[in-house]
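No hydrogens, no waters, no symmetry mates; every other heavy atom, side chains included, goes into these values.
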Amino acid sequence: MAATNQSKVVKVEPLDQQNAKWATLVKITYTDPEGVERTWESGERLTRPKGSDIDGVGILAVLQDPTKPDDSPRVLLQKQWRPPVDATVIEVPAGLIDPNETAEACAVRELKEETGYVGKVMEGDFGVSPIMFNDPGFCNTNLRMIHVTVDLSLPENQNPQPTLEDNEFIETFSVALRDLWDECKKFEKEGYAIDARVGTLAEGVECAKRWRL
């Protein structure tokens, strides 16, 4: 079934920079390695809390049921229509960080709000990724990927209920992690857009399978 939604772009117009709430445009003047002065047009978020090194988090939430150890782990994904691309996008759960909030706390909070699931950040040095820049050729937006496990045997994860904001229309689902590459190819054929975090994760899983890493 092709991607469908009830949303549509009505109008696109220049942003009033003085009244911008979420993002703005800037012109950066810099010198290159040969000392030549150049300019670069860039987007900047306006929401990064003071003292924070990131704008937000992406969440790799792996669903596991300890009562079924032979089951393949599944990754939690979302379908969400995004105005900038005028398409329903396949994404991982994600969100902006609050003032004085750690990346780990942000991930657990956003996961619960967007999906209803209660997760636990993975222990060790794999729980939190290095800072990643989404599109450094265009904007300064960045994040950390937080790796979370969701224990499906817990009572709180038996009937998860999200608490979405009034402007959020999100469908949550899961796919087998080992099949993510093939699923992304199917989603694209059905008309969905693929978020780079999902696509990169799928590519990494496929590389590991093909080169037996």
Side-chain angles (χ1 to χ4, degrees), residues 15-33 37-62 75-78 80 82-85 89-150 162-165 167-168 170 172 177 180 193-205 207:
L15 178 66
D16 180 352
Q17 299 293 301
Q18 291 184 338
N19 296 316
K21 180 180 179 182
W22 302 102
T24 189
L25 294 174
V26 297
K27 184 169 72 171
I28 300 170
T29 301
Y30 69 101
T31 56
D32 69 15
E37 189 171 284
R38 303 181 185 276
T39 60
W40 196 286
E41 295 177 357
S42 172
E44 287 191 357
R45 276 196 178 275
L46 300 175
T47 55
R48 186 181 300 178
K50 184 178 180 180
S52 176
D53 59 359
I54 56 174
D55 294 301
V57 299
I59 306 161
L60 170 58
V62 179
V75 61
L76 204 59
L77 298 177
Q78 296 178 334
Q80 185 169 191
R82 294 294 191 177
V85 295
V89 184
I90 305 299
E91 307 176 340
V92 293
L96 299 177
I97 196 165
D98 286 342
N100 303 313
E101 186 177 41
T102 65
E104 296 93 325
C106 178
V108 172
R109 172 181 60 78
E110 286 286 352
L111 182 68
K112 182 68 167 63
E113 291 174 0
E114 291 192 353
T115 73
Y117 282 106
V118 176
K120 180 180 179 182
V121 178
M122 296 183 187
E123 298 179 355
D125 62 1
F126 187 62
V128 181
S129 80
I131 295 176
M132 301 179 182
F133 289 85
N134 299 16
D135 189 355
F138 170 69
C139 64
N140 69 340
T141 303
N142 66 7
L143 56 75
R144 291 186 189 273
M145 286 297 296
I146 310 300
H147 307 128
V148 175
T149 55
V150 176
T163 53
L164 300 175
E165 298 180 13
N167 65 340
E168 290 182 317
I170 299 173
T172 298
L177 188 56
L180 189 54
I194 309 298
D195 182 275
R197 285 161 288 191
V198 175
T200 301
L201 173 63
E203 188 176 11
V205 172
C207 284

pair Glu113-Glu168: side-chain heavy atoms closer than 4.5 Å:
no
Are Asp98 and Arg109 close enough, and set up right, to give a salt bridge (charged side-chain N to carboxylate O under 4.0 Å, His left out), and what steps lead you there?
CA-CA 10 Å; Asp98 286 342; Arg109 172 181 60 78; 3.6 Å; yes
Are the side chain of Ser42 and the backbone of Phe138 linked by a donor-acceptor contact shorter than 3.5 Å?
yes
Just wondering, more than 12 heavy atoms not from Asn100 lying within 6.0 Å of its CG?
no
Could you pull out the closest heavy-atom pair between Val150 and Ala61, with the gap in Å?
CG2-CB, 4.3 Å
Worked verdict on Asp135 versus Thr141 for side chain to side chain contact (heavy atoms under 4.5 Å, CB included):
CA-CA 7 Å; Asp135 189 355; Thr141 303; over 6 Å; no
With a 4.5 Å limit on heavy-atom distance, are the side chains of Asp55 and Asn134 in contact?
no
Residue pair Val128, Glu104: steps toward the side chain to side chain contact (heavy atoms under 4.5 Å, CB included) verdict:
CA-CA 7 Å; Val128 181; Glu104 296 93 325; 3.5 Å; yes
To the closest 0.5 Å, what do you measure between CZ (Arg144) and CD1 (Ile131)?
4.0 Å
How far apart are the C-alpha atoms of Leu180 and Leu77, what are their side-chain angles, what is the distance that settles it, and do they pass the side chain to side chain contact (heavy atoms under 4.5 Å, CB included) test?
CA-CA 10 Å; Leu180 189 54; Leu77 298 177; 3.9 Å; yes
Step by step, would you call Ile54 with Leu143 a side chain to side chain contact (heavy atoms under 4.5 Å, CB included)?
CA-CA 5 Å; Ile54 56 174; Leu143 56 75; 5.5 Å; no
Compare all side-chain heavy atoms of Lys50 with those of Pro99 and state whether any distance is below 4.5 angstrom.
no
Considering all heavy atoms of both residues, which atom of Ile97 and which atom of Ser52 are nearest to each other, and what is their separation?
CG2-OG, 3.8 Å
Flag the pair Val92 / Val198 as yes when at least one side-chain heavy-atom distance between them is below 4.5 Å, and no otherwise.
yes
So, the side chain of Thr200 versus the backbone of Ala196: is there a donor-acceptor pair under 3.5 Å, distance only?
yes
Taking atom CD as the centre, does Gln17 end up with more than 12 heavy-atom neighbours from other residues, nucleotides or ligands that are less than 6.0 angstrom away?
yes
Determine the minimum heavy-atom distance between Gly95 and Cys106, stating which atoms define it.
O-SG, 4.1 Å
Are the side chain of Arg38 and the backbone N or O of Tyr30 linked by a donor-acceptor pair below 3.5 Å?
no
Find out whether Arg45 and Leu96 are in side-chain contact, i.e. whether some heavy atom of one side chain is under 4.5 Å from a heavy atom of the other.
yes
Give, for atom CG of Leu177 and atom CG of Leu60, the distance between the pair rounded to the nearest 0.5 Å.
7.0 Å
With a 4.5 Å cut-off on side-chain heavy atoms, are Leu15 and Leu25 touching?
no
Below 4.5 Å, heavy atoms only, C-beta onward: do Leu111 and Leu76 meet side chain to side chain?
yes
Do the non-hydrogen side-chain atoms of Arg48 and Asn140 ever get within less than 4.5 Å of each other?
yes
Got a second to check how far Glu114's CD is from Gln78's CD, nearest 0.5 Å?
4.5 Å
Can you confirm whether more than 12 heavy atoms, excluding those of Asp125, are under 6.0 Å from its CG atom?
no
Under 3.5 Å donor-acceptor, His147 side chain and Met122 backbone
no
